[in-house]
Q: 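Structure incoming, see below.
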There are 2 protein chains.
Amino acid sequence: MAERVLAGYLREKGLKQSSKRDKVLDVFLKTRDHLSTEDLHGLVKQNDPSIGYTTVYRTLKLLAQCGLAFEVDFQDGVVRYEHSLNRRTHHHMVCTSCGDSVEFFASELDNVQRRIGKEFHFQPSRHTFQILGTCEACFKKNQSAT
Amino acid sequence: MAERVLAGYLREKGLKQSSKRDKVLDVFLKTRDHLSTEDLHGLVKQNDPSIGYTTVYRTLKLLAQCGLAFEVDFQDGVVRYEHSLNRRTHHHMVCTSCGDSVEFFASELDNVQRRIGKEFHFQPSRHTFQILGTCEACFKKNQSAT
DNA sequence: TTATCTGCAAAGCATTTGCAGCACA
DNA sequence: TGTGCTGCAAATGCTTTGCAGATAA
């Protein structure tokens with residue numbers, strides 16, 4: 001299914017299929033995490049050590065372009081990706097202390113996007129929303145440290 | 001007023017005041033934009049060419065620490081700052097084509113932050129929200145280009 | 001055969017930092 | 001006098017790209 005999307009995109013753009021790209025996609029889809037290029041490269045290497053960082057990097061860009069992957073930014077200077085297969089639109093709350101994250105849904109945000117777009121005559125395409133804070137474990141740790 | 005905040009913070013931390021830091025703050029407060037370190041350094045240099053990039057960089061960090069400046073991330077790989085003096089909490093809608101931005105208010109977001117924090121036992125400290133899309137001018141330009 | 005892929009190493013680029021001399025307290 | 005402040009230049013760390021050999025079509 002996702003393979004079809006990628007194959008179609010490659011054909012449309014005059015690009016070629018390759019077994020390495022397929023492997024990267026395959027490993028990527030098996031995760032449920034938010035992976036940096038380096039993270040994914042680490043996983044891919046376990047499967048096929050001959051696949052280099054650059055290929056993973058470029059494949060992730062392709063996947064983002066054909067809609068199979070989304071970039072997520074946890075404000076820590078590293079680009080992460082998550083796949084969109086069978087995933088509802090969601091957002092993240094990130095612990096600024098340990099980096100852990102949870103996902104949540106907030107349907108109000110679509111309404112906000114629509115309302116503000118109309119008000120300022122923008123064509124909104126997407127939004128980013130993220131809550132930053134401290135998770136329960138880190139909060140307790142900080143308290144006991146005092 | 002803002003000078004007091006900075007002075008108090010410096011004293012509390014055992015740091016010293018300096019005329020250069022004062023100048024950076026002064027120029028920063030006169031803007032209403034979202035400035036990168038480089039942007040602000042450009043403005044500061046007009047006022048005092050002897051002030052280097054590093055000082056602006058470090059002063060912005062200080063201002064962020066004492067609450068006078070906020071970091072904003074327009075997803076383009078550059079950190080920007082805006083000052084918080086006499087400013088209500090607001091958000092940005094950014095045109096991904098020309099980089100132009102508008103500010104808006106959306107009170108729903110505080111409720112979302114509170115609700116999700118409670119649900120997942122987080123101590124939320126802040127959130128980021130941003131709408132990305134195409135502004136009216138760029139939208140028209142794209143249409144006529146077709 | 002020919003354009004596209006790949007891995008490597010190197011380049012880019014914004015952000016940080018080490019250090020020697022300067023300035024505030 | 002003694003910290004902390006500054007500017008410069010260099011280091012960092014992630015992202016991106018040039019290139020030569022490998023591969024899909």
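Letters A, B, ... are given to chains in the order of the sequence lines, protein chains preceding strands, and every chain is numbered from 1. All values below come from the heavy atoms of this structure, side chains included, with hydrogens, waters and symmetry mates left out.
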Q: Going by heavy atoms closer than 4.0 Å, what residues in residues 12-32 of chain B are next to DNA chain D?
A: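 Only B/Gly14, B/Leu15, B/Lys16, B/Ser18, B/Lys20, B/Arg21 qualify.
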Q: Rounding to an integer number of Å, can you tell me how far A/Leu60 CG sits from D/dT16 C1'?
A: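 After rounding, the reported distance stands at 14 Å.
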Q: Would you please test A/Glu82 and A/His90 for side chain to side chain donor-acceptor pair (under 3.5 Å) and show each step?
A: CA-CA 11 Å; A/Glu82 60 183 17; A/His90 59 272; 3.0 Å; yes
Q: Contacts to DNA chain D from residues 33-54 of chain B, heavy-atom cutoff under 4.0 Å, which residues?
A: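 Heavy-atom cutoff 4.0 Å gives B/Ser50, B/Ile51, B/Gly52, B/Thr54.
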Q: Aromatic rings B/His127 and A/Phe129: how do their planes relate, parallel, tilted or perpendicular, breaks at 30° and 60°?
A: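 Aromatic pair B/His127/A/Phe129 classed tilted.
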Q: Could you state the atom-to-atom distance from CG of B/Leu6 to C1' of D/dC5 in whole Å?
A: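 In whole Å, D/dC5 C1' lies 13 Å from B/Leu6 CG.
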Q: Is any side-chain heavy atom of A/Val94 closer than 4.5 Å to a side-chain heavy atom of A/Ile131?
A: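 Side-chain contact under 4.5 Å: no.
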Q: Counting neighbours of CZ on A/Phe74 that are heavy atoms of other residues, nucleotides or ligands and sit closer than 6.0 Å, is the number greater than 12?
A: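 Yes, CZ of A/Phe74 has more than 12 neighbouring heavy atoms, counting only those of other groups under 6.0 Å.
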Q: Once rounded to the nearest 0.5 Å, what's the spacing between atom CG of A/Leu29 and atom CG of A/Leu6?
A: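 If we round to the nearest 0.5 Å, A/Leu29:CG and A/Leu6:CG are 9.5 Å apart.
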Q: Grab the CG-C1' distance between B/Leu10 and D/dT3 for me, whole Å please.
A: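 Atom-to-atom, B/Leu10 to D/dT3, this comes out as 14 Å.
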Q: Let me check something: do B/Leu43 and B/Tyr57 share a hydrophobic cluster, defined by ILVMFWY side-chain heavy atoms less than 4.5 Å apart, either directly or through other members?
A: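 Different hydrophobic clusters.
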Q: Rounded to whole Å, how long is the line connecting atom OH of A/Tyr81 with atom C1' of D/dC14?
A: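 Rounded to the whole Å, the gap is 12 Å.
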Q: So, is B/Tyr57 close to the C/dT15 phosphate, meaning a side-chain N or O under 4.0 Å from OP1 or OP2?
A: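 Answer is no, no contact under 4.0 Å.
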Q: On the nucleotide D/dT16, are OP1 or OP2 found under 4.0 Å from the side-chain N or O atoms that A/Lys61 carries?
A: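 Checking A/Lys61 against D/dT16: at least one side-chain N or O falls below 4.0 Å of OP1 or OP2.
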Q: Go through the steps for B/Tyr53 and B/Glu38 under the test side chain to side chain donor-acceptor pair (under 3.5 Å), then give the verdict.
A: CA-CA 7 Å; B/Tyr53 178 92; B/Glu38 192 180 357; over 6 Å; no
Q: Answer whether the closest heavy-atom distance between the side chains of A/Lys61 and A/Tyr81 falls below 4.5 Å.
A: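 Answer yes - side chains close enough.
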Q: With nearest nucleotides of DNA chain C determined for A/Leu62 and B/Val79 from heavy-atom distances, which residue corresponds to the more 5′ nucleotide?
A: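 Closest to the 5' end, via its nearest nucleotide, is A/Leu62.
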Q: Classify the angle between the aromatic ring planes of A/Phe120 and B/Phe104 as parallel (below 30°), tilted (30 to 60°) or perpendicular (above 60°).
A: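 Ring orientation, 0 to 90° scale: tilted.
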Q: A/Arg58 has an atom CZ; how far is it from atom P of D/dC19, in whole Å?
A: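 Atom CZ in A/Arg58 sits about 13 Å away from atom P in D/dC19.
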